[in-house]
**Q** 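Sharing a structure, written as structure tokens. Questions coming.
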Number of protein chains: 2
Amino acid sequence: MTSSDETSAGAPAPRRQARGQRRIEEILGAAAQVFVRDGYDAATTNAVAKEAGISPGSLYQYFRNKDEIAHGLAERFAAGLAELQAAAFDGVDPLSLTLEELVRRVIDPVVAFNVAHPAFKTLFARTDPPPGLAEATAPLDASIHERAARLVAARAPHLAPDDAQRVSVVATQIVRATMPLVVAASGDERERMAAEARAALVAYLRAATG
Amino acid sequence: MTSSDETSAGAPAPRRQARGQRRIEEILGAAAQVFVRDGYDAATTNAVAKEAGISPGSLYQYFRNKDEIAHGLAERFAAGLAELQAAAFDGVDPLSLTLEELVRRVIDPVVAFNVAHPAFKTLFARTDPPPGLAEATAPLDASIHERAARLVAARAPHLAPDDAQRVSVVATQIVRATMPLVVAASGDERERMAAEARAALVAYLRAATG
DNA sequence: GACAAACACGAGCAATCGCTCGTATTCTCG
DNA sequence: CGAGAATACGAGCGATTGCTCGTGTTTGTC
């Protein structure tokens with residue numbers, strides 16, 4: 001789907017060839033590196049193009065601006081994360097697990113994903129993203145929050161809808177905030193930090209869902 | 001102290017007059033507004049000067065660059081926060097309080113401070129600040145973390161130093177992450193969010209220091 | 001009142017950014 | 001093969017940014 005949503009068909013949306021699809025992947029990969037190296041705000045489209053080994057003109061044949069690159073990356077991340085989560089709950093009823101086990105199955109893949117894709121947190125783990133980035137990552141945020149809300153609703157059906165909403169927002173925020181700490185740690189320290197993140201989430205959920 | 005730390009005395013550091021001190025305060029106030037309106041990265045020194053009603057040249061007589069403005073603001077915030085916390089614990093032994101009461105005394109003033117100074121979170125509540133900003137807010141971060149570490153050490157003396165370190169870092173991060181949610185809410189919802197933030201902190205600390 | 005230091009101005013420089021556009025090459029498909 | 005679409009290039013435009021500098025004004029001190 002990568003950047004094919006045409007609201008008002010200004011441009012006829014070119015039919016991509018295999019080469020073009022490859023280029024898009026290369027650009028997203030390069031963008032991820034640049035976002036990690038320079039941060040999203042300081043990242044420039046020219047730097048992304050250079051990192052990808054192409055000219056600025058070529059880049060703009062696939063993405064109309066920096067936010068759209070972020071949008072493409074966010075879509076890629078959302079898909080990867082969804083797949084990982086699906087695998088973690090493959091044929092398992094979330095209700096049959098202890099809270100500790102549930103949290104572990106949620107957090108551990110997320111940790112692994114963050115370690116494997118350090119650019120993820122430059123898009124997702126921001127408390128006050130600039131407007132353009134917020135728009136680009138909205139679908140990613142939505143899909144993550146929906147999964148969280150579904151789990152909370154399943155585990156605490158007695159909660160009023162807006163209470164459940166608050167709980168899932170806070171829980172998501174706890175994960176969002178602790179993930180950079182886990183990723184920043186290395187060696188043994190990382191697993192200890194991950195354990196701490198899980199403990200925080202378990203403790204909060206236990207308290208909030210009675 | 002506002003921007004008087006001269007490591008290598010390149011410039012003789014002018015002796016400020018009353019008018020200059022006033023200007024510095026005006027500039028910091030203007031910067032706070034601009035940071036809130038545009039975000040730190042998008043904020044420009046020219047915009048700060050215009051907001052303060054002075055010329056760019058005048059601004060640069062007090063601050064050498066944007067990061068130094070952030071540094072000045074961070075110092076101001078650190079002082080205000082320290083004062084608020086001191087008042088909250090005025091003549092009270094933290095050990096004599098229940099954990100709920102302790103957390104309330106820490107969080108409520110912080111919430112009030114965040115509401116009163118919306119620029120605070122543009123400097124502090126960031127998961128991956130650009131290098132310049134990180135340097136500018138380092139003293140602020142340090143002073144906050146030191147207070148957190150002291151409380152954790154007092155309440156959980158049996159914890160090994162590096163375990164205590166981890167707990168205070170995670171606890172601080174939880175506050176950092178939930179504060180924007182609280183501030184963003186309005187009316188009754190804000191107090192409910194604040195309650196949720198307190199609950200998360202209490203639950204985590206109980207589990208981690210139990 | 002005179003002199004120096006502090007304060008204030010604002011046009012504009014040098015650098016950078018996002019992005020365009022004219023042109024050349026490669027692919028697809030009849 | 002030949003035509004049209006997709007891909008690729010990169011110099012450079014218009015706009016913006018952080019910051020400077022020459023000049024004039026106010027303040028404090030003797």
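The shown structure was predicted, so the numbers you read here are calculated from the model rather than taken from an experiment. Naming convention: chains lettered A, B, ... in sequence-line order (proteins, then strands); numbering from 1 in each chain.
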**Q** Under the criterion side-chain contact (heavy atoms from CB on, under 4.5 Å), I'd like the reasoning laid out for A:Val175 against A:Met179: C-alpha separation, chi angles, the key distance, then a yes or no.
**A** CA-CA 6 Å; A:Val175 177; A:Met179 222 33 65; 3.6 Å; yes
**Q** List in chain and number order the residues that pass ring pair (Phe, Tyr, Trp, His ring centres under 6.0 Å) with A:Tyr204, two or more places apart in sequence or in another chain; answer none if no residue qualifies.
**A**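 Partners of A:Tyr204 under the ring pair (Phe, Tyr, Trp, His ring centres under 6.0 Å) test: none.
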**Q** Let me test you: for the helix from C:dG1-D:dC30 to C:dG30-D:dC1, what is the angle between the axes at its two ends (five pairs each), rounded to 10 degrees?
**A**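 The value is 10°.
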**Q** Hey, could you give me each pair passing salt bridge (charged side-chain N to carboxylate O under 4.0 Å, His left out) that has a residue in residues 164-176 of chain B? Not counting sequence neighbours.
**A**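 Residue pairs with at least one partner in residues 164-176 of chain B: A:Glu189-B:Arg166, B:Asp141-B:Arg176, B:Asp163-B:Arg166.
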**Q** Indicate, with a heavy-atom threshold strictly under 4.0 Å, whether A:Leu59 touches base, sugar-phosphate, or nothing.
**A**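 Contact class for A:Leu59: none.
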**Q** For B:Gln17, give me all partners under side-chain hydrogen bond (donor to acceptor under 3.5 Å, both in side chains), at least two apart in sequence or on another chain.
**A**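 B:Gln17 satisfies side-chain hydrogen bond (donor to acceptor under 3.5 Å, both in side chains) with no residue once adjacent residues are dropped.
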**Q** When the distance from CZ of B:Arg16 to P of C:dA4 is rounded to whole Å, what number comes out?
**A**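 The answer, rounded to whole Å, is 21 Å.
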**Q** What residue pairs, at least two apart or across chains, pass ring pair (Phe, Tyr, Trp, His ring centres under 6.0 Å) with a residue in residues 160-181 of chain A?
**A**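 Qualifying pairs: none.
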**Q** At less than 4.0 Å, is any side-chain N or O atom of B:Arg23 found next to OP1 or OP2 of C:dA8? Yes or no.
**A**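 True: B:Arg23 side-chain N/O within range (under 4.0 Å) of C:dA8 OP1/OP2.
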**Q** Taking side-chain hydrogen bond (donor to acceptor under 3.5 Å, both in side chains) as the definition, give me every residue that meets it alongside B:Glu101, ordered by chain and number, with sequence neighbours left out.
**A**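 Residues passing side-chain hydrogen bond (donor to acceptor under 3.5 Å, both in side chains) with B:Glu101: B:Arg105.
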**Q** Could you tell me if B:Lys66 sits above the aromatic ring of B:Tyr40, with its cationic atom closer than 6.0 Å to the ring centre and no more than 45 degrees from the axis?
**A**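 Yes.
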**Q** Pick out the pairs of N or O atoms, protein on one side and nucleotides 18-25 of chain C on the other, that lie under 3.5 Å.
**A**
| from | atom 1 | to | atom 2 | distance (Å) |
| --- | --- | --- | --- | --- |
| C:dG18 | OP1 | A:Ala43 | O | 3.4 |
| C:dG18 | OP2 | A:Thr45 | N | 3.1 |
| C:dG18 | OP2 | A:Thr45 | OG1 | 3.4 |
| C:dC19 | OP2 | A:Tyr60 | OH | 2.9 |
| C:dC19 | N4 | A:Asn46 | OD1 | 3.2 |

**Q** How would you list all residue pairs meeting ring pair (Phe, Tyr, Trp, His ring centres under 6.0 Å) that involve residues 123-142 of chain B, not counting sequence neighbours?
**A**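 Pairs touching residues 123-142 of chain B that pass the test: B:Phe120-B:Phe124.
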**Q** Using whole Å, what does the distance between atom P of nucleotide C:dA6 and atom CZ of B:Arg15 come to?
**A**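 So the two atoms are 7 Å apart, to the nearest Å.
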**Q** Does anyone know the first and last nucleotide of DNA chain D in reach of chain A, 5' to 3', at under 4.0 angstrom to a heavy atom?
**A**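 In short, chain A contacts DNA chain D from D:dA6 to D:dG10.
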**Q** My understanding is that only residues two or more places apart in sequence, or in another chain, count here; which of them pass salt bridge (charged side-chain N to carboxylate O under 4.0 Å, His left out) with A:Arg37?
**A**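 So A:Arg37 forms a salt bridge (charged side-chain N to carboxylate O under 4.0 Å, His left out) with A:Glu51.
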**Q** Which whole-number value in Å describes the distance from B:Gln21 CD to C:dA8 P?
**A**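 Taking CD of B:Gln21 and P of C:dA8, I get 12 Å after rounding.
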**Q** Which residues satisfy the side-chain hydrogen bond (donor to acceptor under 3.5 Å, both in side chains) test with B:Asp41, sequence neighbours excluded?
**A**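 Here the qualifying residues are B:Arg126.
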**Q** Can you name the residues that form a side-chain hydrogen bond (donor to acceptor under 3.5 Å, both in side chains) with B:Glu146, not counting sequence neighbours?
**A**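 Expected list: B:Arg150.
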